[in-house]
Amino acid sequence: MTAPLVIIGTGLAGYNLAREFRKHDSQTPLLLITADDGRSYSKPMLSTGFAMGKDANSLGMLDAGQMAIQLDAEIRTHTRVTRLDPDNRRVWIGNEPVPYRDLVLAWGAQPIHVPLAGDATDRVFSINDLLDYGRFREAAQGKRRVLILGTGLIGCEFANDLLQGGYEVDLVAPGEQVMPALLPAAVAAAVQDGLESLGARFHFGAVVERVDHVAEGLQAQLSSGKLLSCDLVVSAVGLRPRIELAVEAGLEAARGIVVDRYLRTSARHVYALGDCAEVDGLSLLYVMPLMSGVRALARTLAGSATAVSYGPMPVTVKTPVCPLVVSPPALGSEGGWAIEGEGRDITALFQAADGRLLGYALAGAAVQQRLMLNKQLPPVLAEVPQVLSLTPSN
Ligand SMILES: Cc1cc2nc3c(=O)[nH]c(=O)nc-3n(C[C@H](O)[C@H](O)[C@H](O)COP(=O)(O)OP(=O)(O)OC[C@H]3O[C@@H](n4cnc5c(N)ncnc54)[C@H](O)[C@@H]3O)c2cc1C
């Protein structure tokens, strides 16, 4: 019997790859392995649950059994892969070896945890999958005040959603603005203003040092000495691609698992896709690059080697109180921001010295310009010229 194509992970990367692969190949046995319950869901929806009136169960779509039928695949749920063994073309689940024809690592990224003192660290939630979200929603029932650690994209999205859901929200971050890695100050100010208009309270230039139980809920102590009362804490300080098992097995990794344009890792017959992968130097934890990877890799795995390329990749941030679309300039781009607009309607264009558009951030009514601006943006990962394209050697 031929060994299966094995995919580790049933997030958007794993399931979409399986679905796309089946369009090209209905024969090869397919095995998906996941540490969670294998329900299919769209992770971006997790930060819209309150506004949409959906809890974890209604955000889940098909369960693992239904997915197995749809994909003509075997799906092993609540099963953690513990070791890769590329020399022998197998992975290990504890003491059980599982052979593969090809292996795809689609095991995502994990939340970064900041060390916190105090006796209430069990009330600190990271929300990175549907099961996390279910636990959080249960804990939030009947509660009123949420403290969010981090004012990045995910912290701000949760803030907007919780405020819409009727919660009081405090946000704490060491920097001076929201989404410091993504936004110029003027656009960040527009988003902050929007969230404040819903009642958000920002505490910049500080980190949370401890969280303790007190008579009425919890008390958080900030590095500034300030004390904040809350009922539960959401930690949204960032995500880190999962690389440990890959590194242990000798695969090359940097921020993510290093892959080339064919999504090949440094080990033969092993590929990586989605949040865990660093594609040609780019570690982008978004759906659009993941879907480009899905289409290319499905073809490659079905026998027709296909390189991935990315066009412009604008990100829509789900802060409805201040709509926001951002296409950050490539790391190390030379140029500067030109800012126009007033109130929450801000156009920020990142331009090279010769006037070429390299990135943008649009807030409020300015988001309408995105389609026009997308046409001017350079691709994030240009197409591989045919003469340079290599056929995978493994
Ligand atoms: C709240 C939130 C909102 C977001 N909003 C947006 C948005 O609006 N737009 C956008 O583009 N992106 C957004 N993102 C990012 C986007 O959701 C991710 O880029 C994408 O879902 C990643 O999918 P993935 O399949 O690579 O990883 P994951 O969905 O994390 O899947 C990883 C899978 O691997 C499994 N796994 C991990 N380790 C093991 C192991 N050792 N053994 C077996 N299985 C394992 C897990 O159980 C899981 O099934 C958002 C993210 C969050 C958290």
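Side-chain atoms of Glu278 come within 3.5 Å of backbone atoms of Gly256 as a donor-acceptor pair (strictly under, hydrogens ignored). Checking side-chain atoms of Arg101 against main-chain N and O of Leu5 turns up no donor-acceptor pair under 3.5 Å. Judged by distance alone, the side chain of Arg22 and the main-chain N or O of Asp25 form a donor-acceptor pair under 3.5 Å. Under the 3.5 Å distance criterion, the side-chain polar atoms of Ser40 are matched with a main-chain donor or acceptor of Leu62. In this structure a side-chain-to-backbone donor-acceptor pair under 3.5 Å is missing from Asp280 to Arg261. Not one N or O on the side chain of Asn88 forms a donor-acceptor pair closer than 3.5 Å with the backbone of Arg90. Between the side chain of Tyr15 and the main chain of Arg39, no donor-acceptor pair closer than 3.5 Å is present. Between the side chain of Asp132 and the main chain of Phe125, no donor-acceptor pair closer than 3.5 Å is present. In this structure a side-chain-to-backbone donor-acceptor pair under 3.5 Å is missing from Ser304 to Thr300.
Within a 6.0 Å radius of CD in Glu216, other residues, nucleotides and ligands contribute 12 heavy atoms or fewer. Counting heavy atoms of neighbouring residues, nucleotides and ligands inside a 6.0 Å radius, atom CG of Leu371 exceeds 12 of them. Remark: Asp354 CG is packed, more than 12 non-hydrogen atoms of other residues, nucleotides or ligands lying under 6.0 Å away. Other residues, nucleotides and ligands contribute only 12 or fewer heavy atoms inside 6.0 Å of the CD atom of Glu340.
Nearest approach of Ser283 to Arg255, heavy atoms of both residues: OG-NE, 3.0 Å. When every heavy atom of His269 is checked against every heavy atom of Tyr100, the shortest pair comes out as O-CE1, 3.8 Å. Closest approach of Leu183 and Gln177 over heavy atoms only: O-NE2, 2.9 Å. Here the closest heavy-atom approach between residue Ala190 and residue Ala363 is recorded as CB-CB, 4.2 Å. Between Leu84 and Ala246, the closest heavy-atom pair is CD1-CA, 4.0 Å.
Defined by atom type and a distance below 3.5 Å, a donor-acceptor pair is present between the side-chain atoms of Glu157 and Ser47. Between the side chains of Gln66 and Gln70, no donor-acceptor pair of N or O atoms lies under 3.5 Å. In the model, His203 has a side-chain atom that pairs as donor or acceptor with a side-chain atom of Asp170 under 3.5 Å. Gln369 and Thr347 are linked by a side-chain donor-acceptor pair at a separation below 3.5 angstrom, with hydrogens and angles left out of the test. Checked by atom type, the side-chain pair Thr306/Arg299 shows no donor-acceptor distance below 3.5 Å. Side-chain contact annotation: Asp36 with Thr34, donor-acceptor N/O pair under 3.5 Å present. Between the side chains of Asn374 and Tyr360, at least one donor-acceptor pair of N or O atoms lies under 3.5 Å.
Rounded to the nearest 0.5 angstrom, Ser266 OG and Leu251 CG are separated by 4.5 Å. Separation of atoms OG1 (Thr10) and CG (Leu17) is listed at 12.5 Å; rounding is to 0.5 Å. Rounding to the nearest 0.5 Å gives a distance of 9.5 Å between CZ of Arg137 and CD1 of Ile127. Here the CG atom belonging to Leu32 is positioned 4.5 Å from the CD1 atom belonging to Ile7, to the nearest 0.5 angstrom. To the nearest 0.5 Å, the span separating CE on Met45 from NZ on Lys43 amounts to 14.5 Å. One finds the CG atom of Leu131 at 8.0 Å from the OH atom of Tyr41 (value rounded to the nearest 0.5 Å).
Within the 4.5 Å cutoff, no side-chain heavy atoms of Tyr271 are placed close to those of Leu273. The shortest side-chain heavy-atom distance between Leu358 and Leu377 does not fall under the 4.5 Å cut-off. In this structure the side chain of Tyr286 never reaches within 4.5 angstrom of the side chain of Pro44, judged on heavy atoms. Side-chain contact between Pro314 and Arg370 is absent, with no heavy atoms from C-beta onward closer than 4.5 Å. Residues Ile148 and Leu162 have side chains in contact (heavy-atom distance under 4.5 Å, counting atoms from C-beta outward). Gln351 places none of its side-chain heavy atoms less than 4.5 Å from the side chain of Arg356. In this structure, Leu59 and Leu46 have side chains that are in contact, with non-hydrogen atoms separated by less than 4.5 Å. When side chains are defined from C-beta on, Val317 counts as touching Met179, because their heavy atoms get closer than 4.5 Å.
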Just distance, no hydrogens or angles: give the donor-acceptor pairs under 3.5 Å from side chains in residues 227-241, sequence neighbours left out.
{"residue": "Asp231", "atom": "OD1", "partner": "Arg145", "partner atom": "NH2", "Å": "2.8"}
{"residue": "Asp231", "atom": "OD2", "partner": "Arg144", "partner atom": "N", "Å": "3.1"}
{"residue": "Asp231", "atom": "OD2", "partner": "Arg145", "partner atom": "N", "Å": "2.9"}
{"residue": "Asp231", "atom": "OD2", "partner": "Arg145", "partner atom": "NE", "Å": "3.3"}

Check: residues 111-123 side-chain donor-acceptor pairs under 3.5 Å, at least two apart:
{"residue": "Asp119", "atom": "OD1", "partner": "His213", "partner atom": "N", "Å": "2.7"}

Mind running side chain to side chain contact (heavy atoms under 4.5 Å, CB included) on Leu218 and Asp212 for me, showing each step along the way? CA-CA 6 Å; Leu218 308 178; Asp212 290 286; over 6 Å; no
Under the salt bridge (Lys or Arg N to Asp or Glu O under 4.0 Å) criterion, do Glu196 and Arg201 qualify, and how do the steps go? CA-CA 6 Å; Glu196 281 172 343; Arg201 294 179 290 255; over 6 Å; no
Evaluate the criterion side chain to side chain contact (heavy atoms under 4.5 Å, CB included) for residue pair Ile346 and Ile339; output intermediate values, then yes/no. CA-CA 7 Å; Ile346 308 284; Ile339 315 265; 3.7 Å; yes
Please assess Arg135 against Glu138 for the test salt bridge (Lys or Arg N to Asp or Glu O under 4.0 Å), listing each intermediate value before the final yes or no. CA-CA 5 Å; Arg135 282 188 286 270; Glu138 212 166 287; over 6 Å; no
When you look at Asp260 and Val279, which way does the side chain to side chain contact (heavy atoms under 4.5 Å, CB included) test go after all the steps? CA-CA 6 Å; Asp260 64 10; Val279 184; over 6 Å; no
Evaluate side chain to side chain contact (heavy atoms under 4.5 Å, CB included) for Trp107 paired with Ile257, printing each intermediate quantity in order. CA-CA 11 Å; Trp107 58 33; Ile257 300 166; 3.7 Å; yes
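Checked against side chain to side chain contact (heavy atoms under 4.5 Å, CB included), Asn16 has the following partners two or more places apart in sequence or in another chain: Leu12, Arg19, Met291, Val294. Residues passing the side chain to side chain contact (heavy atoms under 4.5 Å, CB included) test with Asn160 are Gln164, Leu195, Leu198, Thr319, Pro320, Val321, sequence neighbours excluded. Shown here are the ring-ring contact (aromatic ring centres under 6.0 Å, His included) partners of Tyr167, two or more places apart in sequence or in another chain: Phe50. For Ala253, the side chain to side chain contact (heavy atoms under 4.5 Å, CB included) test picks out Ile243, Val247, with sequence neighbours left out.
Between Glu168 and Lys143 there is no salt bridge, since no side-chain nitrogen of the basic residue lies less than 4.0 Å from a carboxylate oxygen of the acidic one.
The aromatic rings of Phe136 and Tyr133 sit tilted relative to each other, their planes meeting at an angle between 30° and 60°.
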